[in-house]
Number of protein chains: 2
Amino acid sequence: MPDETQDFNPLSLDNQLCFPLYAASRELTRHYKPFLDPLGLTYPQYVTMMALWEHDEVKVGELGERVHLDSATLTPLLKRLEARGYVSRRRSTTDERAVIVSLTNEGRDLREKALSVPSCIANCISMDPSEAVQLKALLEKLIGSLA
Amino acid sequence: MPDETQDFNPLSLDNQLCFPLYAASRELTRHYKPFLDPLGLTYPQYVTMMALWEHDEVKVGELGERVHLDSATLTPLLKRLEARGYVSRRRSTTDERAVIVSLTNEGRDLREKALSVPSCIANCISMDPSEAVQLKALLEKLIGSLA
DNA sequence: CGTTAATATCTTGTGTGCGATTATCTAAGG
DNA sequence: CCTTAGATAATCGCACACAAGATATTAACG
C-alpha cells in the first residue's frame with residue numbers, strides 16, 4: 001500500500017506539466033511524418049506553409065511571429081523551401097532590410113495535396129473531439145499566459 | 001461581418017491542434033532556460049536528470065523509453081552530462097551490449113538545487129492550477145492515444 | 001548633412017531530434 | 001562449436017531551435 005502521507009516530489013516526471021507537453025509535441029510530430037514525406041515537407045516546413053497559405057507576401061519577421069520561430073531558424077528553412085520551389089524570397093523595394101516571402105504556383109498547388117493531412121492525423125488520434133477542442137483551448141491559454 | 005457559412009478551412013493554423021502544441025512546447029522550454037542555466041543544464045538534459053533522480057542505474061534504452069528519446073539523441077546528451085560530471089556511463093558486465101547510466105554524487109547533489117525550478121515555472125504560468133492539471137491529463141491522454 | 005540608434009535579416013556555434021546504418025554482443029538452433 | 005537472428009548502443013547525415021554577433025539598411029536627431 002502506498003503511503004498517502006509521503007512527501008510530494010516536485011521533480012517527479014509525473015508531476016510535471018512540461019514533460020507530457022514536450023513528449024506529446026514530439027510524438028505528434030512523428031505521426032505527421034508519413035503524411036508529410038510525400039509532400040516533401042518536414043513538420044516545421046508544413047507549419048510554415050500553412051501560415052503562408054493563409055497569408056503570403058509577408059516579411060520573414062512577420063512570418064516568424066505567426067509561427068513562433070526566429071529568423072535564425074526560418075532563414076535556412078525558407079531557403080530549403082525555396083530550393084524545393086515552393087516559395088520565393090526577394091528584398092522589399094521599399095525597405096531593403098526586409099525580405100518578402102511569397103508562394104510560387106507550385107507552393108500554392110501543394111495546398112490541395114495537403115488538404116487531407118489534418119483528417120489523416122485526426123484518424124490517428126483516438127480522442128474525443130470535444131476533448132481535442134478543450135486541449136487546444138488550454139494550450140492556447142498556456143501560450144497566452146507565457147507571453 | 002464574417003460570413004458564418006463560409007467554408008471551413010482545415011489547413012488554417014487556428015484549426016490545428018498540432019500548432020499550439022508545438023508552439024506551447026517551445027515557449028515553455030524557453031521559459032525554463034533562465035532557471036536551468038545556473039544548473040548548467042539544457043531543457044532535455046533537465047528532463048533526463050529528472051528521470052535519473054527518480055531511478056538511476058538504468059540502461060540507455062530504458063531511459064529513452066521513459067523520456068521518449070532514442071539512443072541517437074540520448075548518447076550525445078549523456079556524454080555531455082558525463083563531461084559535466086553529473087552522470088557516469090559504463091558497460092554492463094553481465095550484458096556487454098548494454099550501457100548503464102548512473103548519477104555521480106555531483107549529479108545527485110544537483111537535485112537539491114533543482115528543487116525550486118518547478119515552482120519558479122509555476123509562477124511564470126498565470127493559469128488556474130485546476131486548468132493546468134486538466135491540461136496535463138489531456139496531454140497524457142493524447143500521448144496514450146498516439147502510442 | 002552626419003552621427004547615432006533602431007530595425008531586419010543573415011551567419012555562426014552549440015545542442016537537440018530522428019531515420020538509417022553500423023558494430024558488438026547474446027542467445028537459439030543445428 | 002558455428003551460424004544466424006535478435007538486441008543494444010553508437011555513429012552519421014540532415015533539419016531544426018535559439019543565443020550571440022555580424023551586416024546592411026532605415027530612421028531619428030542635432
Side-chain angles (χ1 to χ4, degrees), chain A residues 18-19 21-34 36-37 39-49 58-84 86-87 89-101, chain B residues 18-19 22-34 36-37 39-49 58-65 67-84 86-87 89-101:
Chain A
C18 63
F19 177 63
L21 182 57
Y22 172 60
S25 178
R26 280 179 296 111
E27 289 294 344
L28 188 55
T29 298
R30 206 172 313 188
H31 279 73
Y32 271 89
K33 188 168 166 41
L36 296 182
D37 277 348
L39 306 181
L41 294 176
T42 65
Y43 179 77
Q45 289 169 6
Y46 170 66
V47 171
T48 303
M49 290 298 286
V58 287
K59 292 192 280 188
V60 172
E62 292 167 355
L63 189 56
E65 206 169 323
R66 180 78 167 119
V67 299
H68 296 255
L69 290 172
D70 72 359
S71 72
T73 302
L74 270 182
T75 297
L77 185 154
L78 289 169
K79 283 184 179 176
R80 281 185 285 266
L81 287 177
E82 189 177 38
R84 278 260 173 203
Y86 294 152
V87 307
R89 297 156 64 249
R90 64 170 195 280
R91 289 276 163 191
S92 165
T93 50
T94 58
D95 184 346
E96 290 273 343
R97 294 169 303 182
V99 169
I100 308 294
V101 183
Chain B
C18 64
F19 177 63
Y22 173 62
S25 178
R26 279 178 298 110
E27 289 294 346
L28 188 55
T29 299
R30 207 172 308 185
H31 279 72
Y32 271 89
K33 187 167 167 42
L36 296 181
D37 277 348
L39 306 182
L41 293 176
T42 65
Y43 179 77
Q45 289 168 7
Y46 170 67
V47 171
T48 303
M49 289 299 285
V58 287
K59 291 191 280 189
V60 172
E62 291 167 355
L63 189 57
E65 205 169 324
V67 298
H68 296 254
L69 290 173
D70 73 358
S71 74
T73 302
L74 270 181
T75 297
L77 186 155
L78 289 169
K79 283 184 177 176
R80 282 185 282 268
L81 287 177
E82 188 177 37
R84 279 259 173 202
Y86 294 152
V87 308
R89 297 158 62 249
R90 65 171 195 282
R91 287 278 164 190
S92 166
T93 49
T94 58
D95 185 345
E96 289 275 341
R97 293 168 305 182
V99 169
I100 308 295
V101 183

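Computation of the quantities below employed the complete heavy-atom set of this structure, encompassing side-chain atoms and omitting hydrogens, waters and symmetry-equivalent molecules. First the proteins, then the strands, lettered A, B, ... as listed; each starts at 1.
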Trainee: I'd like to know if the side chain of A:R26 reaches the main chain of B:H68, judged simply by a donor and an acceptor atom lying under 3.5 Å from each other, with no hydrogens or angles considered.
Mentor: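 Yes, A:R26 side chain to B:H68 backbone: donor-acceptor pair under 3.5 Å.
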
Trainee: Is the base of D:dA10 touched by the side chain of B:S71 through a donor-acceptor pair closer than 3.5 angstrom?
Mentor: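 Side chain to base: pair present.
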
Trainee: Taking atom types as they are modelled, is there a donor-acceptor pair under 3.5 Å from the base of C:dT7 to the side chain of A:R97?
Mentor: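 Present.
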
Trainee: Nearest to the side chain of B:R30, heavy atoms from C-beta on, is which of D:dT11, D:dA19, D:dA10?
Mentor: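 Side chain of B:R30 sits closest to D:dA19.
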
Trainee: Does OP1 or OP2 of C:dT16 have a side-chain N or O of B:R80 closer than 4.0 Å?
Mentor: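 Checking B:R80 against C:dT16: at least one side-chain N or O falls below 4.0 Å of OP1 or OP2.
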
Trainee: Taking the side chain of B:L69 as heavy atoms from C-beta outward, which of C:dT11, C:dC10, C:dG17 is closest to it?
Mentor: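 Per side-chain heavy atoms of B:L69, the pick is C:dG17.
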
Trainee: OP1 or OP2 of C:dG15 versus the side-chain N and O atoms of B:Q45: is any pair under 4.0 Å?
Mentor: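 It does not, given that no N or O in the side chain of B:Q45 lies less than 4.0 Å from OP1 or OP2 of C:dG15.
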
Trainee: Which of these nucleotides, D:dA9, C:dG17, D:dC16, is closest to any side-chain atom of A:L77?
Mentor: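 Looking only at heavy atoms from C-beta outward on A:L77, the closest nucleotide is D:dC16.
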
Trainee: Between A:Y43 and B:Y22, what is the ring plane arrangement, given parallel below 30°, perpendicular above 60°, and tilted in between?
Mentor: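 Plane angle over 60°, so perpendicular.
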
Trainee: Measuring from the side chain of A:Y22 (C-beta onward, heavy atoms only), which nucleotide among C:dT12, D:dA10, C:dG17 has the closest atom?
Mentor: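 Closest nucleotide to the A:Y22 side chain: C:dG17.
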
Trainee: Whether A:K33 contacts C:dC18 is assessed here as follows: a side-chain N or O lying under 4.0 Å from the phosphate OP1 or OP2. Is that the case?
Mentor: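 A:K33 to C:dC18 OP1/OP2: no side-chain N or O under 4.0 Å.
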
Trainee: Counting only side-chain N and O atoms of A:T42, is one of them less than 4.0 Å from OP1 or OP2 of D:dC16?
Mentor: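 Yes, A:T42 has a side-chain N/O under 4.0 Å of OP1/OP2 on D:dC16.
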
Trainee: Taking only side-chain nitrogens and oxygens of B:K79, does any of them come within less than 4.0 Å of OP1 or OP2 of D:dT11?
Mentor: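 Yes, such a contact exists.
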
Trainee: Check whether any side-chain nitrogen or oxygen of B:R89 sits under 4.0 Å from OP1 or OP2 of D:dT8, and answer yes or no.
Mentor: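 For D:dT8, OP1/OP2 do not have a side-chain N/O of B:R89 under 4.0 Å.
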
Trainee: What nucleotide among C:dT16, D:dT8, D:dC18 has an atom nearest to a side-chain atom of B:K59?
Mentor: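 Of C:dT16, D:dT8, D:dC18, D:dT8 is nearest to the side chain of B:K59.
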
Trainee: As a test of reading the structure: which of D:dA10, D:dT11, D:dA17 is closest to the side chain of B:A72, going by heavy atoms?
Mentor: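 Of the candidates, D:dT11 comes closest.
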
Trainee: Which nucleotide in the set C:dG17, C:dC25, D:dT25 lies at the smallest distance from any side-chain heavy atom of B:E96?
Mentor: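 Closest nucleotide to the B:E96 side chain: C:dC25.
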
Trainee: Between D:dA10 and B:T75, is there an OP1 or OP2 to side-chain N/O distance shorter than 4.0 Å?
Mentor: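 Yes.
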
